[in-house]
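Both counts, for ligands and for their atoms, begin at 1 and track the order of listing.
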Amino acid sequence: MTFRAHILGAAAGGGLPQWNCGCENCNLARAGAIPSQTQSSIAFSANDRDWAILNASPDIRQQIAQTPVLHPTDLRRSPLRSVLLTNGDIDHIAGLLTLREQQPFKLFATKDIHAVLANNPVFDALNPNFVTRETIELGETVEIAPGLRATLFAVPGKVPLYLEGASVQTDLEGEQTVGVCLQAKDKTAYYIPGCSTFKPDLRARIEGADAVFFDGTLWQDDEMVAAGLSQKTGQRMGHMSMAGSDGSIEAFKELKIIQKFFVHMNNTNPVLRPGSPQRKQAEASGWTIAQDGMEIRI
Ligand code: MLT
Ligand code: MN
Ligand code: ZN
């Protein structure tokens, strides 16, 4: 039995480079000076044959094409068994539209995230005769591919950007933003691509894990403001940052976790530049910056 993860997309919404962004990283990526990264998605398998994709990014067509283990094994036979969603953000659901070609798979999400899809009739393009929508309760464990179990838990976050009202709570804990505990045989991995604050219950939950894939959106909270790109801080977007006394590097410092990966990096994040001081600092603290195409054995 093997337990594998495959990074399909290491970047946050927009990707690297983002189509309309002229920031330093995006320009370097366009010039081929640093690796480009597609949008947020990861695949897991417990047997190397059957795969679950966690979050369906707008780049899923390219991601599957670049990932031989996800190629069809026969006429209209895909190794994809399921898609699981951790929130209703565009970078995590838009790829569902690409998966509309009469291919059977299960679509797992909480009731609230399923409601977001149900309220957008374009997702009816997923023919219910092929794609079955299965609701997972928080705390319930389901098999999302043979031998691969997933359990969802609430993490602090917010509703998707396109559903934000006049005032936005960014540390909402419910069914809108979830983390995933994945288990195969005796190994445990956590996938948490969005988390606005690190609370004691999360610390206790992930202590001792074999692998954690964690929200690496920004290096520091005011990164996009300082770059003149946006008025929004990381906190306002529902993401905790890597650096600083309340950052994720500090929060994970004393935890015993065998492999730690940052995922969902925004294109402004300096860790996307190999050799940057920030990348070196994260690596010195035991983190790996996920990259498209990375294969991980757990
Ligand atoms: C996020 O992770 O903050 C969202 O994906 C932002 C977005 O929808 O572009
Ligand atoms: Mn995102
Ligand atoms: Zn950029």
Trainee: Nearest protein heavy-atom contact for atom 7 (C) of ligand 1: which residue, which atom, what distance?
Mentor: Leu161 CD2, 4.3 Å

Trainee: Between the main-chain N or O of Ile136 and the side-chain N or O of Thr110, is there a donor-acceptor pair closer than 3.5 Å?
Mentor: no

Trainee: Same cluster for Val212 and Phe44 if Ile/Leu/Val/Met/Phe/Trp/Tyr side chains link at under 4.5 Å?
Mentor: no

Trainee: Should His264 be listed as contacting ligand 1, given a heavy-atom distance under 4.0 Å as the test?
Mentor: yes

Trainee: Is Arg279 salt-bridged to Glu283, cutoff N-O under 4.0 Å?
Mentor: yes

Trainee: Taking the six-membered ring for Trp, are Phe261 and Tyr190 closer than 6.0 Å centroid to centroid?
Mentor: no

Trainee: Answer yes or no for Asn27: is there an N/O/S atom below the 2.8 Å cut-off from the Zn ion (ligand 3)?
Mentor: no

Trainee: Please work out the angle at the Zn ion (ligand 3) defined by atom SG of Cys26 on one side and atom OD1 of Asn267 on the other, rounded to 10°.
Mentor: 100°

Trainee: If we count only N and O atoms by modelled type, under 3.5 Å, do the side chains of Gln103 and Ser78 hold a donor and an acceptor together?
Mentor: no

Trainee: Taking atom CZ as the centre, does Arg30 end up with more than 12 heavy-atom neighbours from other residues, nucleotides or ligands that are less than 6.0 angstrom away?
Mentor: yes

Trainee: Tell me: protein heavy atom nearest atom 6 (C) of ligand 1, and distance?
Mentor: Asp89 OD2, 4.4 Å

Trainee: Indicate, as side chain, backbone, both or neither, the part of His239 found under 4.0 angstrom from ligand 1 when only non-hydrogen atoms are considered.
Mentor: side chain

Trainee: Would you mind running through ligand 1 and noting each atom that sits below 4.0 Å from a heavy atom of Met237?
Mentor: 3 (O)

Trainee: Could you list the atoms of ligand 1 found under 4.0 angstrom from a heavy atom of Asp91?
Mentor: 5 (O)

Trainee: Give a rough value, rounded to 10 degrees, for the angle at the Zn ion (ligand 3) between atoms SG of Cys21 and SG of Cys23.
Mentor: 110°

Trainee: Is the distance between the ring centroids of Tyr191 and Phe214 under 6.0 Å?
Mentor: no

Trainee: Rounded to the nearest 0.5 Å, how far does NE2 of His92 lie from OG1 of Thr86?
Mentor: 5.0 Å

Trainee: In terms of side-chain geometry, is the basic nitrogen of Lys199 or Glu173 positioned less than 4.0 Å from the acidic oxygen of its partner?
Mentor: yes

Trainee: Is there a donor-acceptor pair closer than 3.5 Å between any side-chain N or O of Glu207 and the backbone N or O of Lys256?
Mentor: yes

Trainee: What are the protein N/O/S atoms, named by residue and atom, that sit under 2.8 Å from the Mn ion (ligand 2)?
Mentor: Asp91 OD2, His264 NE2

